[in-house]
Enquirer: 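Starting off with a structure, shown below.
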Number of protein chains: 2
Amino acid sequence: MTSLTGTLGSATPNTPPTPAARLSSLQLTTELTALLDPDIVLTDPTLMDNYRWDWARDPNAGVPLAVVRPRTAEQVATAVRWASSRRIAVVPRGAGSGLSGGSSAVEGGIVISLDRMRAINIDPHTRVAIVEPGALNAEVKAAAREHGLWYPPDPSSFEMCSIGGNVATNAGGLCCVKYGVTTDYVLGMDVVLADGTLIRLGGPRLKDVAGLSLLKLFVGSEGTLGVITRAVLRLVPAQQPPATMVAMFGSVLEAARAVVAISRSVRPAMLELMDQASINAVEDHLSMGLNRDAGALLLAQSDVGGENAATEIATIERICAESGAYESFSTDDPKEGEAFAMARRAAFVAIERKGSLMLEDVGVAIPVLPELLEGVRLIGERNGVAIPTVAHAGDGNTHPIIVYNAADPDSVARASAAFGEIMTLAISLGGTITGEHGVGRLKKGHLPDQLGPDVMALSHRIKNALDPQGILNPGAVL
Amino acid sequence: MTSLTGTLGSATPNTPPTPAARLSSLQLTTELTALLDPDIVLTDPTLMDNYRWDWARDPNAGVPLAVVRPRTAEQVATAVRWASSRRIAVVPRGAGSGLSGGSSAVEGGIVISLDRMRAINIDPHTRVAIVEPGALNAEVKAAAREHGLWYPPDPSSFEMCSIGGNVATNAGGLCCVKYGVTTDYVLGMDVVLADGTLIRLGGPRLKDVAGLSLLKLFVGSEGTLGVITRAVLRLVPAQQPPATMVAMFGSVLEAARAVVAISRSVRPAMLELMDQASINAVEDHLSMGLNRDAGALLLAQSDVGGENAATEIATIERICAESGAYESFSTDDPKEGEAFAMARRAAFVAIERKGSLMLEDVGVAIPVLPELLEGVRLIGERNGVAIPTVAHAGDGNTHPIIVYNAADPDSVARASAAFGEIMTLAISLGGTITGEHGVGRLKKGHLPDQLGPDVMALSHRIKNALDPQGILNPGAVL
């Protein structure tokens, strides 16, 4: 039990030895299984391996005591209540597509996987989706579409990421530049607190200021404050078919300057950037005929419909030309536009063929984007690693993708150095270490550099007030 | 000093007698004045009377020890640090236009009025306004407009309410139905905590998920968690000139049903409702030629521009007709449209000529709007009070306005009964006791009915973690 105590100890160093430390793993899992259906509690190591990592493949992920796969919120509450009584770590888990190690298993803790709780109810009159946390983002979008409605947040992983994970990380995506992030669509949630109490926050009301904004506090808390068992999501009328523009620039700096100018005058529904390395990776992968010599590409969409969309796209195209674009292309054919959006979405997969990846997620105020992108380029050069970069440029949120050779310790070391340097650069530019992926375990060490000691202390006060034993996702974020 | 101890005691009943209780008021104000500029600390009772009430005119407002009118965030921090050391209540105050008694003075406490801190800096490249809390909403809008930008949140009181108050209450307004509420535009803030620490949360970044969502927790906290000294507000490109529609219905129910149908298919930039009594009050006041026989009026605007706006308004007009509107009128002339919007905005002032007012702010999911409005009508009948109602109908947020005679105790009693019954009704319909005005002191007694004991307990845990002495706005919200 040393490792368990150690893990929890690092979250709450002054914790005395716990009752759990006097029971064997077998005694503990027998207790837990007796409280829940046996079919809900996995203890087979091979089966549990499916629930130990997210996409960050955290090498420090522990071996859990058990994986709990509840079917109801009551079962989640039972599991957490038991973990609380035994002072055992709880790691909530959605679809496991997180990129920051936020759902790495903790040694000797339990993983609560919400993958069986995926009911979706659309209420078209109230214009909300009432969703269990394991439902995929794409499933919610599809269910809404059947009623002519739309759930906007669209992480690049929308086809495989869960709503619970989206809410827990306050996930972003491509349309956020106009439509905002997950928190803007969360009207209510059910959440199991650290002591196993199941509470309901908010509800299907578009405006509600009764009491403290607890709902918003839980959004983005990455499993450190509670386990989300239900979300009430705001839906909006279906988006109009978009018009699309692609512009090619000689350099990333010119493209970034175009983004600054575009943001001042119009509200595109998408404004994405790809640099030369990512363009080439996608071209290697998909052979779309993208210009390999381009220093950068900007992809913009307008969804204001008809003539207005044509006008908006023409404005964006003109600004791109004024900012130095040497070539551009626009279309009001949604299918043709989707092909370009696909190129952007395929970037991760295309770059993954080049080697192992460390995914960055740094963001800055839009005017500082050129400096950030130039700085990333220099960090790549200095450390001798390729860092193709794609960006939700209209939000100032960039994804420098560090490519390295996992079998070569020197390559790993250089990639790790670059990973840290990029966060340091973002902070020095007044930016953030994470725009949409979350802090998890991967970026935890850099959070104090961004927030400073006073905000860290305040965060710990909140965490301690809500989870005094430190059992919820210990080791993540704080 | 009994009353001071009593006041704080009610917020934290187990508080032992405080050091402050051993000093006279004169000794305390002398101490405070020595720490700050004398010109910043008011102790003259007549001058202080300007800072004891907000628009709720809370009869229980206390006489403060002093009113502090700081010029800088450091002075705010100094005042709070001193209050913390002396365990004295702090009531933050913006423009005093609050409607829930959230800034009623506390007996023996200090009022911190932010009315001198009103600098506004627009950064058009970053598309943010960096604003001190005393700046008026209208001043921020005007400053943004000079750069072709727009700050959307528009409480009806936008010409006299402060940004600090807007953030503290998470204020809404007329355009929220499409553009969201204040919290959606707050990217960062500086806030003085209960111990006088000045911290900075967030910043000019459109996406930032680094750490807990503390920023959103402070929005809407009504001065109970800290004193906001600066806000970084997101601006968007200027709104296009709106097209406007007005439709007249035989009954409120028909109008409410039209709202439900409209919300499903389009996103109007404004969707307001006035009932017969409020139409007549405005007509008495402004003689605009409104139809006094109409049971209700719906006012909608579209800001999508050009042909599209005409199409959107035509859709809304068609839905109104299908829902029973017997007359409608539409215009793409923004001035003509603004005249109708003025009629809606003038409702409070017009109704105020009928007597003293108790302003409700209850909200429900849109499909329940007809039931809420019918219930309010019955409550008015049962209690023998007039309750003209206006509503941000597209948000399900209604303002039943109870008219009473303040000189007649029986009328006051009947109005108070109706005030409570309306909140009970909203809660029974799954709604909220306050959509945008805040809980303050006026609605505090009803908050547990809406939130329930578990969420109240959680709120108290947060409050106690951030303000263990209970000095920040005691008696408000919790």
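What you see is a predicted model; the values in this text were computed from it and never measured. All chains are named by letter (A, B, ...) in the order of the sequence lines, taking the proteins before the strands, and each is independently numbered beginning at 1.
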Enquirer: Which one wins on heavy-atom pair count under 4.5 Å against chain A: B:Gly211, B:Gly148, B:Gly438, B:Ser221?
Expert: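 Of the candidates given, the most pairs with chain A belong to B:Gly211.
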Enquirer: Which atoms of B:Val219 are under 4.5 Å from chain A, going by heavy atoms: the side chain, the backbone, both sets, or neither?
Expert: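 Backbone only.
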Enquirer: Do you know which of A:Gly203, A:Ala171, A:Ser213 has the most heavy-atom pairs under 4.5 Å to chain B?
Expert: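 Most pairs with chain B among the choices: A:Ser213.
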Enquirer: Is it the side chain or the backbone of B:Arg200 that comes within 4.5 Å of chain A heavy atoms, both, or neither?
Expert: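 When you check distances to chain A, only backbone atoms of B:Arg200 fall under 4.5 Å.
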Enquirer: I need the residue from B:Pro204, B:Ala261, B:Gly202 with the largest number of non-hydrogen atom pairs under 4.5 Å to chain A.
Expert: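 Answer, by heavy-atom pair count under 4.5 Å with chain A: B:Pro204.
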Enquirer: Any donor and acceptor pair, going by atom type alone, linking the side chain of B:Asn308 with main-chain N or O of A:Val304 inside 3.5 Å?
Expert: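 Yes: the side chain of B:Asn308 pairs with the backbone of A:Val304.
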Enquirer: Taking the side chain as everything from C-beta on, heavy atoms only, tell me whether B:Thr126 gets closer than 4.5 Å to A:Val368.
Expert: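 Not in contact.
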Enquirer: Who wins among B:Asp123, B:Val128, B:Leu447 for the most heavy-atom pairs under 4.5 Å with chain A?
Expert: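 Looking at each option in turn, the highest pair count goes to B:Leu447.
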Enquirer: Is there a side-chain contact between B:Leu206 and A:Val177 (heavy atoms, below 4.5 Å)?
Expert: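 Of all side-chain heavy-atom pairs linking A:Val177 with B:Leu206, none is under 4.5 Å.
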Enquirer: Report yes if some heavy atom in the side chain of B:Leu214 is under 4.5 Å from a heavy atom in the side chain of A:Ser459; otherwise report no.
Expert: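 Yes, side chains in contact.
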Enquirer: Please examine the side chains of A:Lys207 and B:Val181, heavy atoms only from C-beta on, and report whether any two atoms are closer than 4.5 Å.
Expert: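 The answer is yes; the side chains approach within 4.5 Å.
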Enquirer: Counting only non-hydrogen atoms closer than 4.5 Å, does B:His437 touch chain A with its backbone (N, CA, C, O), its side chain (CB onward), both, or neither?
Expert: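 Just the backbone, heavy atoms under 4.5 Å.
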Enquirer: Where do A:Ser265 and B:Pro237 come nearest, in terms of heavy atoms and distance?
Expert: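 The pair with the smallest heavy-atom distance is O-CB, 3.7 Å.
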Enquirer: Tell me which one of B:Leu212, B:Leu193, B:Val191, B:Thr197 satisfies side chain to side chain contact (heavy atoms under 4.5 Å, CB included) with A:Leu458.
Expert: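 That would be B:Leu193; it is the only one of B:Leu212, B:Leu193, B:Val191, B:Thr197 passing the side chain to side chain contact (heavy atoms under 4.5 Å, CB included) with A:Leu458.
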Enquirer: Relative to chain B, which of A:Arg205, A:His147, A:Lys216 shows the most heavy atom pairs under 4.5 Å?
Expert: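 Heavy-atom pair counts peak at A:Arg205.
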Enquirer: Can you tell me which of B:Gly431, B:Gly172, B:Gly180, B:Gly220 forms the most heavy-atom pairs within a distance under 4.5 Å of chain A?
Expert: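 Of B:Gly431, B:Gly172, B:Gly180, B:Gly220, B:Gly431 has the most heavy-atom pairs under 4.5 Å with chain A.
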Enquirer: Highest number of heavy-atom pairs under 4.5 Å with chain A: which of B:Asn397, B:Ile366, B:Ile433?
Expert: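 Max contact count across the listed options: B:Asn397.
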Enquirer: How many angstroms lie between atom CG of A:Asp467 and atom CZ of B:Arg461, to the nearest 0.5 angstrom?
Expert: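 The distance works out to 9.0 Å.
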Enquirer: Given a strict heavy-atom distance threshold of 4.5 Å, which part of B:Leu187 is in contact with chain A: side chain, backbone, both, or neither?
Expert: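 Neither the backbone nor the side chain of B:Leu187 comes within 4.5 Å of chain A.
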Enquirer: Any side-chain heavy-atom pair from B:Arg267 and A:Val236 closer than 4.5 angstrom?
Expert: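 Yes; the side chains approach each other to less than 4.5 Å.
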Enquirer: How far does CG of B:Asp184 sit from OG1 of A:Thr183, to the nearest 0.5 angstrom?
Expert: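 Rounded to the nearest 0.5 Å, the CG-OG1 separation comes to 8.0 Å.
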Enquirer: Under 4.5 Å between any side-chain heavy atoms of A:Ser263 and B:Arg127, yes or no?
Expert: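 Of all side-chain heavy-atom pairs linking B:Arg127 with A:Ser263, at least one is under 4.5 Å.
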Enquirer: Evaluate the side-chain proximity of A:Leu217 to B:Ile462: yes if any heavy-atom separation is below 4.5 Å, no if none is.
Expert: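 Yes, side chains in contact.
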Enquirer: Under 4.5 Å from any heavy atom of chain A, what part of B:Val362 do you find: side chain, backbone, both or neither?
Expert: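 Neither part.
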Enquirer: A:Val266, A:Val209, A:Leu225: which one forms the most heavy-atom pairs within less than 4.5 Å of chain B?
Expert: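 Top option by heavy-atom pairs under 4.5 Å: A:Val209.
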Enquirer: Please look at B:Asn170 and chain A and tell me whether the side chain, the backbone, both or neither of the residue comes under 4.5 angstrom of a heavy atom of that chain.
Expert: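 Both backbone and side chain.
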Enquirer: As an exercise: rank A:Asp361, A:Val364, A:Val477, A:Ile199 by heavy-atom pairs under 4.5 Å with chain B and give me the winner.
Expert: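 Of the candidates given, the most pairs with chain B belong to A:Ile199.
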Enquirer: For chain A, which candidate among B:Ala365, B:Gly363, B:Ser100, B:Ala210 shows the most heavy-atom pairs at distances under 4.5 Å?
Expert: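 Most heavy-atom pairs under 4.5 Å with chain A: B:Ala210.
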Enquirer: Indicate yes or no: at least one non-hydrogen side-chain atom of B:Asp208 is less than 4.5 angstrom from one of A:Gln450.
Expert: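 Yes, their side chains come closer than 4.5 Å.
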Enquirer: Tell me, for B:Thr311 versus chain A, whether the close heavy atoms (under 4.5 Å) come from the side chain, the backbone, both or neither.
Expert: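 Contact with chain A is absent: no heavy atom of B:Thr311 under 4.5 Å.
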Enquirer: Under a 4.5 Å heavy-atom cutoff, which of A:Gly306, A:Gly305, A:Gly396 has the most pairs with chain B?
Expert: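 Heavy-atom pairs under 4.5 Å are most numerous for A:Gly305.
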Enquirer: Between B:Thr169 and chain A, which part of the residue has a heavy atom less than 4.5 Å away: side chain, backbone, both or neither?
Expert: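 The backbone, not the side chain.
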Enquirer: Check each atom of B:Leu215 against the heavy atoms of chain A and say whether the ones under 4.5 Å are side chain, backbone, both or neither.
Expert: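 Interface part for B:Leu215: neither.
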Enquirer: Answer with side chain, backbone, both or neither: which region of B:Glu436 has an atom nearer than 4.5 Å to a non-hydrogen atom of chain A?
Expert: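 It is both, since atoms from each part get that close.
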